[in-house]
Amino acid sequence: MATTKPTQPLSFLLPNNPTNPKPSSSLKQSSIISLPKLCNSMKEVQQIHTTLIKTGLIHDPSAMNAIIEFSITQDLPYAQSVFQQTTNPTTFAKNLMLRGLSQSQFPLSAFSLYVEFTIGGFQLNKFAFTALIQACSRSKAVREGEQIHAQILKCGEMDAHLASSTIQFYVGVCGGFGIVPEHAEEGFRPDERTLASVLPSVSRLGALSLGKWVHSYAENLGMEMNVFLGSALVDMYSKCGSIDSAIGVFNRIGPLKRNVVLWNAMIGGFAMHGHGRDALQLFQTMLASGIQPTDVTFVGVLRACSHAGMVDQGLSYFKAMTEGYNVEPTIEHYGCMVDLLGRAGRLEEAEKLMKSTDEGRDVVLLKTLLGACRVHGNIEIGERIGNQLIDLASDDSSCYVLLANLFASVGRWEDVNKLRNLMKKRGVRKIAGCTSIELDSVVHEFHAGDMSHPRIEEIYAKLEEIRLELKVEGYIPNTSQVLADTGEEEKEASMYRHSEKLAIAFGLINTTPGSTIRIVKNLRVCLDCHTVTKLISKLYDREIIVRDQNRFHHFKNGLCSCSDYW
DNA sequence: GTAGGGTTAG
């Protein structure tokens, strides 16, 4: 871990450094040859390399290996030249070189070295094979990978590590085809790595009870809560809507054990839940504990600012990122910034920033800006961006829907119809809205106007009850996002069959009063569902947590954590 | 002494 390395330069250990009066002979041989492991830069490695040559210690194979080991990740050409100058490279050094090339920009270059080695009569071992099969994974070289797989089987080098790299190869190049396990292995015990690998799938599903099961499984087996498992759990709990449990896992990992990935996961968790201040406070704590932020950290920080509406803070963190922390902005950072400025209604600035990058025609950035135009009813910029989008991403239905929403909000029904016809002509279909809710480990899924649920009558009865109560409260349905130019009554009726309303009604019927309702939606929440959910949270005294396409909404006491911008 | 796992805009 980079943070455990000494930060001061190591040159004071070298003999020609005047600040160090001791001659090099006072250093044990074993200590100088292990120095490259402690190095922070190639410059230090080169200094040590020079010293090794001067003192003759370079003839010790482990000294050479240490130099190669450091430089394969930092300066591959350097490692290659050192390796070529070695008269009798050890197996270890050969394996390192294979690994270095397989992790380089041109993974298949490992194969030329492999050919060289085999001509020279070198027998490959499991470490060499791992590097080669990974090279095939990275470059999607199916035939080569299959041949390496055959060789591995022939020479009997297969073990658990190599098997997992081989599986990764097949999963990556053909979706796992051809490697279906024959049976679940008897006596097989998953370890922290296994669980850390399955958790991202649980996170994507938003299946909290499944994630909780994995967590308690780990605890029951007495597994060590390391940063890998910890980060995966923090992310899982965040993405499954249980930010408190995420905090619990984070806090239980000792401050000294926390690495930047774990901090990033927790900051990102706060961000997606709209807890901007918590995210920024945690970021400051991270800095105070001496952890260097990465580009991912700033994605979390900027996302936190945008989701919590902290525009000024966001702008100053973006500045600090590039000027103070030397982190180059990526497309993800620009995405956050366009969202941040767009939320504040600073649409011209958002567009200017977008155009100033190489990513001015990126579909996601354009969609972010168009979404902001819809929220702020800016038809001038919105129409321009929208038209650009439906050419650029002509098969993406959400672009048409966003633009149609904008037209509908200003009553331009003719344009809405034109868009609908264009979609039909181009064969683009709207993605159907779908909301799921999990009760007692069973996932119930609802689509708009769904009549298939066995308890659908009760659900519609509950919705009717809600509709009447909201009417008493003076609520007027907002039909601006209904894209059919029909009568108000028809529009209202169609809105009451939206999938999120069905899921919430089902949740109200089947959970104890006062308990939290969690639902997951595949698209963005519609404007009317958002308003209705706020009112339900107050009327029924329920906390309702909604995960939509890209963030969480916490509805409580008539308010939503997104401050009505999403 | 070498290899597998975790975090990333809308």
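In what follows, every chain begins at residue 1, and chains take the letters A, B, ... in the order their sequences are listed.
Of the residues in residues 99-111 of chain A, those lying under 4.0 Å from DNA chain B by heavy-atom distance are Arg99(A).
Here dG6(B) is the nucleotide among dG6(B), dG10(B), dT8(B) with the atom lying nearest to any side-chain atom of Val261(A). The side chain of Asp191(A) approaches dG4(B) more closely than any other nucleotide in the set dT7(B), dG4(B), dG1(B). Candidate nucleotides dG5(B), dT8(B), dG6(B) were compared by shortest atom distance to the side chain of Glu332(A), and dT8(B) ranks first. Of the candidates dG1(B), dG10(B), dT7(B), the closest approach to any side-chain atom of Ser62(A) belongs to dG1(B). When distances are taken from the side chain of Phe127(A) to each of dG4(B), dA9(B), dA3(B), the shortest belongs to dA3(B). In this structure, the nucleotide among dT8(B), dG1(B), dA9(B) sitting nearest to the side chain of Val296(A) is dT8(B). Considering only side-chain atoms of Glu69(A), the nucleotide from dG1(B), dT7(B), dA9(B) that sits closest is dG1(B). For Lys239(A), the listed nucleotide lying nearest its side chain is dT7(B); candidates were dT7(B), dG4(B), dA9(B). Side chain of His161(A), nearest nucleotide from dG6(B), dG1(B), dG4(B): dG4(B).
Under the side chain to side chain contact (heavy atoms under 4.5 Å, CB included) rule, Tyr237(A) has a single partner from Val249(A), Val202(A), Ile243(A), which is Val249(A).
Scanning both residues, Arg303(A) and Asn550(A), for their nearest heavy atoms gives NH2-O, 2.7 Å. The two residues Leu76(A) and Ile72(A) come nearest to each other via the heavy atoms CD1-O, 3.8 Å.
Aromatic rings of Phe117(A) and Tyr114(A) (six-membered ring for Trp) have centroids beyond the 6.0 Å cut-off, not under it.
Applying the 4.0 Å criterion to OP1 and OP2 of dG4(B), one finds that Gln134(A) has a side-chain N or O inside that range. Note on Arg551(A): every side-chain N or O is 4.0 Å or more away from OP1 and OP2 of dA9(B).
Aromatic stacking of Phe228(A) on dG6(B): not satisfied for centres closer than 5.5 Å together with planes under 30 degrees.
Using a 4.0 Å heavy-atom cutoff across all strands shown, Leu365(A) reaches at least one base atom of the nucleic acid. Among the atoms of the strands shown, none is found under 4.0 Å from any heavy atom of Asp396(A). Among the heavy atoms of the strands lying under 4.0 Å from Asp339(A) are primed sugar atoms or P, OP1, OP2 only; no base atom is included.
Donor-acceptor pairing under 3.5 Å is lacking for the side chains of Ser112(A) and Ser109(A). Using a 3.5 Å distance cut-off with no hydrogens or angles, the side chains of Ser102(A) and Arg138(A) do pair a donor with an acceptor.
A donor N or O paired with an acceptor N or O is not found under 3.5 Å between the base of dG10(B) and the side-chain atoms of Thr368(A). One can find a donor-acceptor pair under 3.5 Å joining the base of dG6(B) and the side-chain atoms of Asn259(A).
Atom-to-atom, CG of Leu341(A) to P of dA9(B) comes out at 18 Å; the value is rounded to the nearest Å. As rounded to whole Å, 17 Å separates atom P of dA3(B) from atom CG of Leu124(A).
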